[in-house]
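Keep in mind it's a predicted model, so treat the numbers as computed, not measured.
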Amino acid sequence: SSVEAARSGYDLIPAARYVVVFQNWLKPAGASFDHLHKQIVAIDEIGSQQEAAIARAEATPNVFNDAAVNVAISRGLLIAHNEHAVAFAGFGHRYPTIEVYSRAASGIPWEHSPEEVAGMSDLVHAMHAATGADVACNEEWHYQPPGVGTAMPWRIMLKWRVSTLAGFEGASKIYLNTIAPGTIRSRVVERLLLLRADGLIAPGLTIADEADLRPDPLLYHR
């Protein structure tokens, strides 16, 4: 599995400080040709993205609840959840994004129980199915780097590569999304309900207005 492959990167490469897991689908998302292309790359540094996340989590340990999932719940952006994971329409990204967060206590994927990994997998697969094969997208994994004591949840971003940069962004560092988070949520929820009716996604998903999540559903720093 991808989880075990990521773990093996640390076992096989002593210099690895972070193993990056990502996937691209269709050429606009970086595929050399139209095929599903998952990659696992070991690097010898944590990287600026993770360093920034670690610094923020050190300053505000509950930040991934406070500034992500709780906001999605309060703003009506929740898409679906199950016992072990939650998905919502993301905000603050360069591209339209679906965010899927593990609710497990550990932030390292291979420390999850088989049930926790399966719950995360079920939700990610459902989000891909609802996105559809015609949408170019990247799947990005983020997790607590081994050896880092700051608690962070395992989370996966599905970024729809449907925006073309036009030049305004380079000069301003302001990136415009062509699809609002609320529109992403509505579109994905509509497709999820159809997929569930046809038995094409895993059972046990609570979708949209069926959701009963209370604030602080992530347990990563408890």
Side-chain angles (χ1 to χ4, degrees), residues 1-11 16 18-23 38-40 42 46 49-50 53-54 57 61-73 77-90 97-131 137-159 188 192 195-196 199-208 210-222:
S1 69
S2 298
V3 170
E4 289 304 315
R7 179 180 188 173
S8 70
Y10 294 98
D11 295 336
Y18 195 69
V19 173
V20 182
V21 183
F22 61 101
Q23 176 175 288
K38 177 158 284 185
Q39 300 183 65
I40 297 172
I46 292 177
Q49 171 74 23
Q50 298 306 323
I54 291 166
N62 199 45
V63 65
F64 292 98
N65 277 309
D66 291 340
V69 183
N70 290 351
V71 175
I73 293 172
L77 297 176
L78 191 67
I79 294 173
H81 71 86
N82 58 27
E83 182 181 358
H84 301 294
V86 55
F88 59 91
T97 300
I98 301 170
E99 304 191 26
V100 184
Y101 277 65
S102 169
R103 300 172 65 183
S106 174
I108 300 177
W110 49 91
E111 293 183 355
H112 285 45
S113 70
E115 293 78 15
E116 289 168 340
V117 172
M120 189 72 166
S121 178
D122 286 345
L123 205 50
V124 170
H125 288 165
M127 295 306 106
H128 275 302
T131 295
C137 70
N138 293 115
E139 177 182 310
E140 301 174 356
W141 289 28
H142 302 258
Y143 57 92
Q144 182 178 335
V148 170
T150 305
M152 301 163 60
W154 177 25
R155 56 215 184 273
I156 294 176
M157 310 293 162
L158 306 183
K159 295 186 176 180
V188 173
L192 278 178
L195 289 165
R196 184 172 66 180
L200 297 176
I201 56 176
L205 266 62
T206 302
I207 299 173
E210 303 166 356
D212 55 358
L213 277 186
R214 296 182 178 182
D216 292 349
L218 308 182
L219 305 178
Y220 66 95
H221 73 97
R222 306 288 175 84

*Steps toward side chain to side chain contact (heavy atoms under 4.5 Å, CB included) verdict (D66, V71)*: CA-CA 7 Å; D66 291 340; V71 175; over 6 Å; no

*For V100 and M127, run side chain to side chain contact (heavy atoms under 4.5 Å, CB included): C-alpha distance rounded to whole Å, both residues' side-chain angles, the deciding distance at 0.1 Å, then the answer.*
CA-CA 9 Å; V100 184; M127 295 306 106; 4.0 Å; yes

*Could you check H81 against D212 for side chain to side chain contact (heavy atoms under 4.5 Å, CB included), going step by step and ending with a plain yes or no?*
CA-CA 9 Å; H81 71 86; D212 55 358; 3.4 Å; yes

*Does the side chain to side chain contact (heavy atoms under 4.5 Å, CB included) test come out yes or no for Q50 and H142, once each step is laid out?*
CA-CA 8 Å; Q50 298 306 323; H142 302 258; 3.2 Å; yes

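Counting non-hydrogen atoms of neighbouring residues, nucleotides and ligands closer than 6.0 angstrom, the CD atom of E210 exceeds 12 such neighbours.
No donor-acceptor pair under 3.5 Å is formed between the side chain of N82 and the backbone N or O of G204. Proximity of a side-chain donor or acceptor of N65 to a complementary backbone N or O of L218 within less than 3.5 Å is detected.
Atom CG of N70 is separated from atom CG of L213 by 9.5 Å, given to the nearest 0.5 angstrom. Rounding to the nearest 0.5 angstrom, the gap separating the CG atom in L123 from the NE2 atom in H84 is 11.5 Å. Rounded to the nearest 0.5 angstrom, F22 CZ and K38 NZ are separated by 11.0 Å. The CD1 atom of I54 sits 10.5 Å away from atom CD of Q49, with the distance rounded to the nearest 0.5 Å. The CD atom of Q23 lies 9.5 Å from the CH2 atom of W141; values are rounded to the nearest 0.5 Å. Taking CD1 of I98 as the start and OG1 of T131 as the end, the distance is 3.5 Å to the nearest 0.5 Å.
Taking the side chain as every heavy atom from C-beta outward, C137 and H128 approach each other to under 4.5 Å.
Nearest heavy-atom pair, A89 versus I79, reported as atom, atom and distance to 0.1 Å: N-CD1, 3.6 Å. Taking all atoms of both residues into account, the shortest heavy-atom contact from I40 to A5 is CD1-CB, 3.3 Å. Taking both residues in full, the closest heavy atoms of P109 and V117 are given as O-CG2, 4.0 Å, listed atom of the first, atom of the second, then distance. When every heavy atom of P61 is checked against every heavy atom of H221, the shortest pair comes out as O-CD2, 3.7 Å. When all heavy atoms are compared, the tightest approach of I201 to L192 is CD1-O, 3.8 Å. Looking at every heavy atom in both residues, A151 comes nearest to Q144 through CA-OE1, 3.5 Å.
When the options Y220, W154, Y143 are evaluated for a ring-ring contact (aromatic ring centres under 6.0 Å, His included) with F64, the one that passes is Y220.
Between W110 and Y10, the angle of the ring planes lies from 30° to 60°, which puts this pair in the tilted group.
Counting only residues at least two apart or on different chains, the side-chain hydrogen bond (donor to acceptor under 3.5 Å, both in side chains) pairs with a member in residues 98-107 are H93-E99, E99-Y101, S102-H112, S106-E111.
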